Each structure stands twice: as structure tokens, then as C-alpha cells.
Amino acid sequence: MPRWRPPIEASLESPPVGVRSVTARRGAVTAVGGAVVVDLGLWLASPQTFDELPTAFWVMAALALAVDARPYVVANRRASSVVLPSICFTFGIVLAWGFVPALAVQLAAMAIAGVRMRQSPRRALHLAGQHAVALAGAAAVAALAGLHVGAQPHWDDALLTVAAAAAWIGARTGLDALFARCLSAGRRRRRVQRWGLELFATAALLLLGPVVLAAAQVGLALVPLVLLALHAVHRMVRSAGEYERAARVDSLTGLPNRRALQTSVAERDAARGLHRPERGLALLLLDLDRFRTVNDALGHTTGDRLLVEVARRLAAVVPSHDLVVRLGGDEFAVLATRVDGPAAARRLAAHLAEELGRPFALDGLPIDVSASIGIALQGERGGDGASLLRQAEAAMYDAKERGDHVAIYARDTEHHTSDLALLADLRRAVQADPGSDPAADGITVYYQPQIAVATGELVGVEALLRWRHPVRGMVGPSELLRVAEQTPVMRLLTSRVLREVVAQLGAWRAAGRPLRASVNVSVRDLHAADIAVEIDTLLHRYDVPPDLLQLEITESALMADPHRVLDTITRLDRMGVAISLDDFGTGYSSLQHLRRLPFAEVKIDRSFVLGMAADRGDAAIVRSVIALADSLGLRVVAEGVEDERTWRLLAAAGCHAAQGWFHARPMPAPDLAVWLSRYRPLRPGREPGALAVPTS
């Protein structure tokens, strides 16, 4: 499938096709008509000047007209940024025969270039004025210095030629700056950046002028050879332009990329600061929902085709004065330049969401996608593209979190930006080499004891991840999971925890105190086909029996994709690694999976356990879960046991094990060893309100 590549400026300011055609015709009439009128006037005013011109002049004039059929347009820039190869010949003409013949040839060549580039009348007049003033500047320097380049130029002639070329460039640049100040001051910053490549190409062409002139005076047969040098300059400009375009355009969709977006925001901000337009700037960040599902189900080739179609549809519905950008992956952005406040930005976002909501037909298969859109409005003080993009990204994450399609940035959405920074710090911590101290990066595994309800014996521990941020201090488990669970960092964390836990199990077993440890894993972990191999390798490395390791998966995560994790869970069960269903009771359809998946244990969610002593409904749910699990031959562990009464009620209901602050808080492995040395098994009291008593 051919890739669609719109011009980078097309989505920013291009008028409709019909308007462009009318403008181009008017520009052609202006350029050609103006050149004919001025040249005729010059000939009528000074016919002897043209009658006395030698053959070398006419050869150079003809070549000037021929080469301007292919002007050098500096890539990714506007029509005024053009380098005419004819200046190579007209600059030589002005040094040898004066201003009037050079101006006549330049205007005729520019008429050809104007028709070729389909310029507007304003652009044609602007370019003609620039080159006329430039030639006048060079002619003035040549006249004042008495410069006349002959067949045998001297060193003084070379230095004066450089001075004339500098005058040519200075006169054109000065006129351009004057136009920018009077008509469009906001473009001044753009022209500073543009003049790098343009200045180099212009200087190269101008300094070729005296070489061509000297060759013409030696022998006319040498003059056409300069076309090879002009072709080299053209290739240089074209190659530099292609390189710059590649850096500013997305290779897949042909849309402008992140760099182009930041440049456009800076340019708009400069113009905004000078003109104070009534309408503001808004950045809309679009993130496609469920795009990963398309890649997984249909392949990355189809996913790329879908991105191209999304780009095509966005470019078709976004106004021509706005910019459509692909930031990377499944993220797009729209830079809206005429937004009258938040309500107008929200209407534009709703329109984009509606357009993307229509199915995309790929090979006859309709594919439905949607997008979460975050909006950032540029304030009174403006702002660079990076900060505006961060705000739009924070708003987009806020929209995803609230289940809405559109969200506008506000201060209370800033936590998403801090989440990104926290995730980056966490990734660096996980990937750092801890050396001899595993906790040097702040990542530590805590262990919370699990106690047999009937006997008070320690039957296992649950491994819990803790991270002490170097600036924020201890990061809570819920915040840690919220930031990392849906990212590849979660897989790195799980590998880190598994390695430390299995190593600790091996150390406890070698010390004569074997314990079973439970490790929480996410669905992302179970989607990885290599997790079973990783666990098997760790168990053999540290000489740990498989029945001492247990993996916990939350019920809500299981419900997201139960069939995809079935193979991994089955492999782990065959290895002897038990699987526990965590937070049982918080889902909606897990009963069918209790009998189909190889679970060894269910854990009752703490939200039910905490209230069972005071709420009959919670107590009934807990008793029902215990009875159901017992009938299926599953162990039951109650989380959140914080008082003796709850423990006693669990014992009466037949719960197998409990964990919570009533027995012990989570603690690092060294503290757990101290706790074990002091712990005495307790049994629940037999009478209401009775204290637990030690076992004999």
C-alpha cells in the first residue's frame, strides 16, 4: 500500500485547491506582465545600452532564463524562501555591463520562475523587489570601487567581487527585514533559522558569477560548463532539504512530527506576542484506545495501515489553518490556531472523536477505534511546545482515568505529569545495578505473615513490594501499582521481586525454616510466555521446591482476559507452583473460573473482612465464600484481620488462614526473623470476647 505523504505545510496554511489555481494565474500574469513592461521600459529608456552588448551577454542571459525553470525552493519553507539559480548569471552581468541589463535579465528569469512555482501576485512582487534592490546594491559597490571583471582578473578584483556579493546579500536581507517589520513582524524569528542553508546556496551562486563571466570572455564554449556546477548546488540544496524534511515529517503517515509541532508552537507564540490576536492556541492530544488489540489480533502491518487511515481522516476534517501531527505510536495531535476558549476547543475535540468513531474498512473488515483526547489551552503568557504537550498529555490521561473521551487541562490533572516522572525514576531504579546491596536503589521486599486460624501456626508469608524514592520518601503500594501496572516497568518489577523472594526462600530453607511465600503478579506478567521458564530457572538456581512459591493474581485482572492467561497458569500448576485468586468477591463473573482454572487458594478481600464484625452482610459474604471454596477443595485466606473478634468469627466460619495487623504488619526479612523468634502460636478464644491464648 503506498504511503500517503501530504506536504508538511499543507495542513497548516494552504488555501483550497480552487483558490490556489486562481491565485497562481494572477501571479503568472503579474510576473510575466510586470517583466515585459519593465524590460520594455528599460529598452525604450536606454536602447543604446542593449545595442552595444556583446554576444557573451546574450549567452549568459539565455542561460539565466533556462536555469530559472528549476528554482531552488528551500525545503519545508514558504514560497518566499527561494534561491534563483539565475543570480549566478545576473550577478556576473552586473559586474561586467551594469545594473540595467542585469535587471532586465533578472526580471525575465523571475517571470519564468514565478510561473513555474505558481506564485501569488504578492509573492512575485516581493521577490522582484528583493532581487532588484540586491542587484542595485551590488552595482553600487562595483561602481564606487571601479570594478570591472575582465578575462584576467587580479586579487583586488576578487576582493571587490566578494564585497559586491556581500552587498547583494545585505541589500536583499535588509529589504526582507523591512517588509517583515512593516507587514509581518512575527516572521522574523523564522527567517533567522531559514537563512542558514539559503545563505550558503546564495553565496555559492553569486561567487560563481565572476567565474562564468571570466569564462565567457575567454571562450563562449566554456560558459555552458557552469551548468554542472549549478547542478551540484541544486543537489546540495535538495539533499539538505530532504534531510530537514525527514527530521520534521513522520515517515509512516507523512504528517508533521513532534519537532515540527514544537517549531510551529514557537512561531505562533512569537506572532501572538507581537499581534495579540483575539483567538488563542489550543493543543489537542489524541491517544487511540485499544490500538494494541488491533496489532495483536491483525498484525503490525494492519496496525500501520490503520494509523495511515487515521492520519488521512484527521487531515481531511481539520481546518486548513490548523496543524495535524503524529507524535509517535498511536498518538496524534492537532494544533488549533483559532480557538475561542475552552468551549470551542471541546467542540473541536468532540468533532474529531465523532469522526474517528466511524469504522475504518481495511480489506473489507470494519475496525472500530476510539480516542481519548486531552486539551491544553495556551495562557496569556504563552508557553513552549514541550510544556503545552505535557499539559495536553496530563489531560489525556485524566480523560482515560475518568472514562471520558475529552478532558481539558487543569491544575488538578497535574498528577499525571508527576506520575510520568515517578515512572521514569522507578524504571531507572529497577534497571540499576544494586551491587552488593540489593536495597541500594530503594526497592525492598516486605513480608507479612499468614497464620493458620485454627492453630495459630505460621503457614506462609505474602511478599509485598516497597520503594523508598530518594526525594519523595516511601511510595505507597497503591500509588506504585497505579503508575507501573499498565506499563512494561511492571514486568521488570515482577522479575526483581521473584528473584529476591526465591533467593530468600532458599535462605530460609537452608536455615531449617522453610516457608511458603506468595508473590503478586499482574496479567501483563502472565501474558509473558517466558515467566514460567523464569520461575523454573530461579527455583533450580536457589534449590527451592515449587510448592514453597505461590503466585497471586487479582480477580479483576483475571476477568480482563481469562483465556489468554490459562496456558501460563496451567504450566505453572504442572510445575507445582500454586496459584491464588486475590481480592475474591470484588469481581462479577469469577465463579465459572473457579472450577475451570487450577487455583489452589482464594483470598477474601479486606473490604469484606474489615466489616464482618459489625455488618451482617459482610459476614454473610465471608461465610459464603469460605463454604464455596471449601466445597471446591480450595484454601481460604482472609486479608485485613485487625482484631481478635474478627479472627474468632473467621475460625467459627472455618477459614483456613488469616493475615493482618492483628498478628503482624509487613516487615523486611531481617525483622521477620526477629518476629519469628518471639512469636508464640495463638488460638482464637472459645467464648465471645475471650482473649486468644497460647497453644500448648
Side-chain angles (χ1 to χ4, degrees), residues 446-464 513-520 547-548 550-552 554-555 578-587 590-591 594-595 599-667 672 675-696:
Y446 279 46
Y447 299 91
Q448 185 171 34
Q450 295 177 338
I451 306 298
V453 174
T455 64
E457 297 287 344
L458 177 68
V459 295
V461 293
E462 180 182 3
L464 301 168
R513 189 67 188 258
L515 288 176
R516 184 183 72 241
S518 298
V519 178
N520 291 278
D547 59 354
L548 293 183
Q550 180 169 274
L551 301 184
E552 294 185 8
T554 61
E555 182 182 3
I579 306 296
S580 174
L581 185 60
D582 197 7
D583 297 341
F584 186 79
T586 59
S590 61
L591 295 181
L594 280 180
R595 58 184 178 84
F599 291 117
E601 176 185 281
V602 294
K603 299 186 73 173
I604 306 176
D605 187 66
R606 61 185 294 111
S607 61
F608 301 114
V609 176
L610 287 172
M612 66 178 297
D615 188 285
R616 290 186 176 183
D618 288 345
I621 291 175
V622 172
R623 289 195 299 269
S624 299
V625 172
I626 293 173
L628 175 63
D630 186 64
S631 65
L632 295 174
L634 304 177
R635 293 191 306 269
V636 181
V637 177
E639 297 180 300
V641 180
E642 297 187 359
D643 55 61
E644 186 264 343
R645 179 172 173 77
T646 301
W647 188 27
R648 179 170 51 79
L649 291 174
L650 290 171
C655 185
H656 299 94
Q659 68 181 84
W661 288 7
F662 176 66
H663 295 100
R665 299 189 179 191
M667 63 194 85
L672 179 64
W675 181 87
L676 284 172
S677 66
R678 299 175 179 176
Y679 176 69
R680 296 296 179 266
L682 301 175
R683 293 178 300 178
R686 298 182 180 180
E687 301 296 333
L691 295 175
V693 296
T695 60
S696 57

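Fair warning: this is a prediction, and the values are worked out from it, not measured in the lab.
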Of all heavy-atom pairs between [X] and [Y], which one has the smallest distance, and what is that distance?
X    : Y    : answer
V636 : A629 : CG2-CB, 3.3 Å
E601 : L634 : N-CD2, 4.4 Å
Q550 : S580 : NE2-CB, 3.6 Å
G456 : W647 : CA-CZ2, 4.5 Å
A664 : Q448 : O-NE2, 3.2 Å
A657 : V459 : CB-CG2, 4.2 Å

Review point. Between the main-chain N or O of F608 and the side-chain N or O of D605, is there a donor-acceptor pair closer than 3.5 Å?
Key: no

Is any side-chain heavy atom of [X] closer than 4.5 Å to a side-chain heavy atom of [Y]?
X    : Y    : answer
E639 : D582 : yes
L632 : V602 : no
V609 : V641 : yes
W661 : P666 : yes

Review point. Rounded to the nearest 0.5 Å, how far does CE of M612 lie from OG1 of T646?
Key: 6.5 Å

Review point. Rounded to the nearest 0.5 Å, what separation is found between the CG atom of L650 and the CZ atom of F662?
Key: 10.5 Å

Check your understanding: Going by an N to O cut-off under 4.0 Å, is there a salt bridge joining E642 and R606?
Key -> yes

Review point. Regarding Q450 and E462, is there a side-chain donor-to-acceptor distance under 3.5 Å anywhere?
Key: no

